[in-house]
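Everything below concerns the one structure shown next.
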Amino acid sequence: MGVYAALHQSPATMSSRLNLDEEVRLYTTNAEREKYGLLATLFGIVVSLEYLERAYVRDSVSASEYSPACTRLLSQYKTMLKLVSDDVPSIEQFMARYRMDHQAALHRIQVGVPATVEHSSEAGPETAKWVAETTQNFITFVDALKLRMRAKDQLHPILQELVTSYARFKGSKDWEGRSKMVGWLITLNGMKASEELTEEQARQISFDIEHAYAEFFRSLSGKDGGS
């Protein structure tokens, strides 16, 4: 068909060649599909962080609910940014590219810690660093349990690092979670390297760690810990 003939086809003829209900694909390879999936996840994290920040400012969520949720989103953001670093030079460029007007999320990302830590009267740079590290250790241990890690040589090093960072806070000696975690350290210490926790033990330690995690943030929200 010549160019002239193609330009003078009737709309009916042209529409018969096009499926207007067909989904337009962003990718043609598995690698491209993975890339767009990661970018979509990063987009979702920024949006979630924006809604969380606004909810906290409006007192729609308590400090004890806000702090762990915010820290988890910040941790997920850092992980995702590493995975898309080739396509996302900076979060500012990413937000500009997709026309994201999410200033509250951007501020929280730039600060790197929840507002409860940022605005605490005792929260210096070192304290904020300890909060971030301890929170990441909590998340790492919980994720290890979710991945069904049960052996002593898998769990003991992670729990030991968690207890060490947790103990930096001067109020931690009075927190119930500390005695629970030390008790589990003792239990793991008494096991052989390849020995595994039972499913009942795994459920109990998961419950105890989640409780300690929530208690940690409640304590920080009232009065931030120090060394």
Side-chain angles (χ1 to χ4, degrees), residues 41 45 48-49 52 56 61-80 82 108 112-118 120 122-123 126-227:
T41 301
I45 290 170
S48 297
L49 195 52
L52 180 63
Y56 178 62
V61 295
S62 66
S64 61
E65 293 171 319
Y66 162 80
S67 296
C70 181
T71 304
R72 179 173 284 275
L73 284 170
L74 289 172
S75 177
Q76 292 170 338
Y77 157 75
K78 291 174 185 175
T79 300
M80 289 306 306
K82 291 177 183 176
R108 187 57 46 219
V113 294
T116 45
V117 176
E118 179 189 6
S120 170
E122 297 186 17
E126 199 66 17
T127 303
K129 177 184 175 183
W130 290 343
V131 170
E133 288 178 354
T134 304
T135 301
Q136 185 59 57
N137 289 334
F138 268 115
I139 292 171
T140 299
F141 190 83
V142 171
D143 286 347
L145 292 174
K146 289 179 180 178
L147 291 171
R148 302 194 62 77
M149 293 184 185
R150 300 288 185 265
K152 171 187 175 177
D153 59 358
Q154 293 174 317
L155 296 177
H156 186 272
I158 307 173
L159 184 57
Q160 190 171 43
E161 187 171 352
L162 169 56
V163 172
T164 300
S165 61
Y166 185 88
R168 288 173 174 167
F169 299 88
K170 58 188 176 186
S172 66
K173 63 181 183 296
D174 299 321
W175 299 341
E176 182 184 350
R178 180 170 181 169
S179 61
K180 295 280 189 182
M181 290 192 292
V182 170
W184 281 111
L185 265 183
I186 294 171
T187 298
L188 289 169
N189 270 330
M191 297 166 57
K192 296 178 181 177
S194 59
E195 194 175 348
E196 297 188 353
L197 296 176
T198 65
E199 282 306 305
E200 184 178 353
Q201 286 177 313
R203 288 185 65 178
Q204 187 61 50
I205 194 173
S206 178
F207 176 84
D208 289 343
I209 295 298
E210 292 279 6
H211 178 80
Y213 187 36
E215 181 187 41
F216 174 65
F217 274 105
R218 282 199 304 272
S219 300
L220 291 180
S221 298
K223 180 181 179 182
D224 207 286
S227 59

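Keep in mind that the numbers below use all heavy atoms, side chains included, and drop hydrogens, waters and symmetry copies.
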Practice problem: Could you pull out the closest heavy-atom pair between Ser172 and Ala167, with the gap in Å? | Solution: OG-CA, 3.6 Å
Quiz item: Quick one: CD1 on Ile45 to CD on Gln76, what's the gap to the nearest 0.5 Å?
Solution: 5.0 Å
Quiz item: Atom CG of Leu52 and atom CG of Leu74: how far apart are they, to the nearest 0.5 Å?
Solution: 9.0 Å
Practice problem: State the OH-CZ distance between Tyr77 and Arg108, to the nearest 0.5 angstrom. | Solution: 13.5 Å
Practice problem: Can you see which heavy atom on Cys70 is nearest to which on Leu49, and at what distance? | Solution: SG-CD1, 4.1 Å
Self-check item: For Thr135 against Tyr213, the heavy-atom pair lying closest together
Solution: CG2-OH, 3.4 Å
Quiz item: Would you say Ser75's side chain and Thr71's backbone share a donor-acceptor pair under 3.5 angstrom?
Solution: no
Exercise. Name all pairs fulfilling the salt bridge (Lys or Arg N to Asp or Glu O under 4.0 Å) condition that reach into residues 175-196, sequence neighbours left out, sorted by first residue then second.
Key: none
Practice problem: Mind checking the NZ-CG spacing from Lys78 to Leu73? Nearest 0.5 Å is all I need. | Solution: 12.0 Å
Quiz item: How far does NZ of Lys146 sit from CZ of Phe141, to the nearest 0.5 angstrom?
Solution: 13.0 Å
Practice problem: Measure up the Phe169 and Trp130 rings against each other and bin them: parallel (under 30°), tilted (30 to 60°), perpendicular (over 60°). | Solution: perpendicular
Practice problem: Sequence neighbours left out, what passes salt bridge (Lys or Arg N to Asp or Glu O under 4.0 Å) with Glu199? Give chain and number order. | Solution: Arg148, Arg150
Quiz prompt | From CG (Leu162) to CE (Met181), nearest 0.5 Å | solution = 4.5 Å
Quiz item: So Phe138 and Phe216, would you call those rings parallel, tilted or perpendicular, with 30° and 60° as cut-offs?
Solution: tilted
Self-check item: Taking every non-hydrogen atom, the tightest pair across Phe217 and Val131
Solution: CE2-CG1, 4.5 Å
Quiz item: Can you name the nearest heavy-atom pair linking Leu188 to His156, along with the distance?
Solution: CB-CD2, 3.9 Å
For residues 205-212, tabulate all N or O donor-acceptor pairs below 3.5 Å that involve a side-chain atom, not counting sequence neighbours.
residue : atom : partner : partner atom : Å
Asp208  : OD1  : Gln204  : NE2          : 3.1
Asp208  : OD2  : Trp184  : NE1          : 2.9

Exercise. Check for a donor-acceptor pair, side chain of Glu215 on one end and backbone N or O of Gly177 on the other, with a separation under 3.5 Å.
Key: yes
Quiz prompt | Non-hydrogen atoms of Asn137 and Ser165 that approach each other most closely | solution = ND2-OG, 3.0 Å
